[in-house]
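Keep in mind that what you see is a predicted model, and the values were worked out from it rather than measured.
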Amino acid sequence: MSYNSPFTGNVIQPTDVSYSRITLTTDLQLEWPINGTSTDDAAARIMEVSTASSANELWMPPANQSSVGNDALIRNVGAVTLLVKDYTGANTIVSIAAGEAQYIYITTNATTAGTWGIIAYGIGSSGADAATLAGYGLLAIGQTLNQSQPVTTFSSNYTAIATDRSSTYVWTGGAGTLTMTLATTLANNWFMFIRNSGTGALTVTGTSGDLINGSTSIALQPTDSCILVCSGTQFYTVGLGKSTQFAFTQLSKAVLSGSYTLTASEASNVIQKYTGALTGNVTIIVPSTVQVYYILNETTNAFTVTISTGAGATAVLTTGTQATLVCDSVNLFNANTILAGSSSISLINGSVGAPSLNFASETTTGIYRAASGEFNIAILGVLRSTVSASGLAIVGTGTFSGGVLGGTF
């Protein structure tokens with residue numbers, strides 16, 4: 001540590017001016033009392049400063065003309081923020097809000113600017129400086145600390161970090177991922193708020209095997225929200241509940257041809273009915289979320305309605321058919337692979353161009369009922385056989401590898 005005289009270099013402590021009241025009308029450059037200033041612009045140990053404009057600044061004397069530890073208590077008695085700068089005027093030592101006091105002192109004096117330490121004295125004679133005390137999750141309002149919960153919206157994959165403590169993150173995209181920093185890094189009592197306001201599932205996942213509610217990841221469906229809390233070794237959710245009310249609503253949508261992308265509001269309807277006289281095949285794009293759909297194709301004309309997420313397996317419905325579909329956020333699957341708990345199956349009548357029982361890869365081949373008392377078989381949209389009470393009628397030629405027996409030919 002060095003103590004400098006501007007004249008001899010001897011070890012000295014500059015003579016004190018104990019108190020000064022300063023009113024700024026422009027920038028003011030202070031001087032050390034030892035320099036024999038003929039003005040009242042000496043740096044005092046206690047200074048009460050007022051200014052009507054935050055553009056008026058207080059500049060401290062050269063640090064290299066004083067000793068380390070030389071200090072000043074500056075109280076802003078004005079109505080606007082006061083900037084206190086070093087001798088060069090290039091660097092702000094401290095910004096003092098109206099009514100606050102700050103204690104500054106020299107820590108290095110190798111240059112005119114020097115390095116200054118700061119101790120917050122706060123407001124009045126005993127108030128704490130809330131802005132200095134405020135950390136993550138706290139907000140200084142006047143002299144008090146208040147809870148802070150800033151909101152950030154995001155639509156791209158994101159990794160939550162330590163500075164996200166007490167923040168609220170709102171997802172606004174389709175399917176996405178929120179990755180948590182290591183629980184050992186975030187430490188015990190870290191927390192954040194999460195809401196899915198998007199159209200797809202938001203997957204919240206741990207890092208390096210960290211668990212969330214005992215699993216490697218959880219999925220927040222649209223409108224889901226929770227508080228995510230870190231224990232220092234894993235994560236837990238608070239307030240992530242599942243509704244016990246099942247209110248089914250129906251979407252009735254007229255379509256003609258081409259692709260239709262459902263809005264989040266439309267896709268929230270579990271039962272969906274599509275109507276209209278089709279002029280071409282239709283594709284319905286549903287959100288990339290885990291969901292069950294009951295689809296009724298009540299369109300007319302010989303075209304199909306395809307349900308898709310835009311990727312993965314799709315479901316194709318011909319005119320007059322229904323389907324119960326399960327979406328895993330990518331693929332659409334038939335909800336029923338076996339028939340359980342039923343003794344019979346009832347089909348719609350169908351038509352020669354759209355048989356009621358057909359094949360996914362060839363929907364114009366199958367069986368249908370053309371009229372009362374008939375069982376009809378269509379091949380590629382053409383009637384090939386009819387079974388009725390009077391017998392079997394085959395349209396076209398027949399080839400019999402085992403011969404034909406009985407009856408009169």
Side-chain angles (χ1 to χ4, degrees), residues 130-141 144-245 261-270 285-292 309-312 327-330:
T132 303
L133 299 176
Y136 301 126
L138 294 173
L139 176 67
I141 301 177
T144 63
L145 289 174
N146 301 267
Q147 182 177 350
S148 175
Q149 193 175 316
V151 176
T152 300
T153 59
F154 68 117
S155 57
S156 300
N157 294 343
Y158 178 71
T159 298
I161 57 179
T163 54
D164 292 322
R165 172 189 292 271
S166 189
S167 295
T168 298
Y169 273 74
V170 179
W171 175 252
T172 59
T177 302
L178 175 65
T179 303
M180 309 312 299
T181 292
L182 283 170
T184 52
T185 299
L186 296 178
N188 189 19
N189 83 31
W190 181 95
F191 67 100
M192 72 181 299
F193 301 80
I194 308 169
R195 176 178 172 80
N196 184 355
S197 290
T199 59
L202 176 64
T203 300
V204 183
T205 183
T207 299
S208 299
D210 284 349
L211 300 180
I212 303 175
N213 291 346
S215 301
T216 55
S217 65
I218 61 170
L220 272 62
Q221 300 301 323
T223 73
D224 281 354
S225 61
C226 69
I227 304 172
L228 191 64
V229 182
C230 179
S231 70
T233 57
Q234 56 184 304
F235 297 90
Y236 301 94
T237 62
V238 178
L240 180 59
K242 299 298 181 182
S243 174
T244 58
Q245 301 296 321
T261 299
L262 298 187
T263 65
S265 176
E266 289 177 325
S268 65
N269 295 277
V270 175
I285 305 297
V286 298
S288 299
T289 59
V290 177
Q291 182 62 287
V292 175
T309 63
C327 179
D328 66 356
S329 80
V330 177

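The closest donor-acceptor contact from the side chain of Ser231 to the backbone of Gln234 lies under 3.5 Å. Of the possible polar contacts, none joining the Thr289 side chain to the Gln291 backbone as a donor-acceptor pair under 3.5 Å is found. Between the side chain of Asp210 and the backbone N or O of Phe235, no donor-acceptor pair lies under 3.5 Å.
Residue Thr168 holds its OG1 atom at 3.5 Å from CD of Gln149, rounded to the nearest 0.5 Å. The CG atom of Asn157 sits 7.0 Å away from atom OG1 of Thr179, with the distance rounded to the nearest 0.5 Å. Here CG of Leu178 is found 12.5 Å from OG of Ser156. Values are rounded to the nearest 0.5 Å.
Pairing each heavy atom of Thr207 with each of Leu182, the nearest pair is O-CD2, 3.6 Å. Here the closest heavy-atom approach between residue Tyr158 and residue Asp164 is recorded as OH-OD2, 2.8 Å. The heavy-atom pair separating Ala160 from Thr181 by the smallest distance is O-OG1, 2.5 Å. When all heavy atoms are compared, the tightest approach of Pro287 to Cys327 is O-SG, 4.3 Å. Listed here is the closest heavy atom pair of Pro150 and Ser166: CD-O, 4.1 Å. Taking both residues in full, the closest heavy atoms of Leu186 and Cys230 are given as CB-SG, 4.1 Å, listed atom of the first, atom of the second, then distance.
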Can you give me every donor-acceptor pair (side chain of residues 194-205, partner residue at least two apart or in another chain, under 3.5 Å) with its distance?
residue : atom : partner : partner atom : Å
Arg195  : NE   : Ser197  : OG           : 3.0
Arg195  : NH1  : Thr223  : O            : 3.3
Asn196  : OD1  : Gly198  : N            : 2.8
Asn196  : ND2  : Gly200  : O            : 2.9
Asn196  : ND2  : Leu220  : O            : 2.7
Asn196  : ND2  : Gln221  : O            : 3.4
Thr205  : OG1  : Thr216  : O            : 3.3

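Between Asn213 and Tyr236 there is a side-chain heavy-atom pair separated by less than 4.5 Å. Contact check for Phe193 versus Val151: no side-chain heavy atoms found under the 4.5 Å cut-off.
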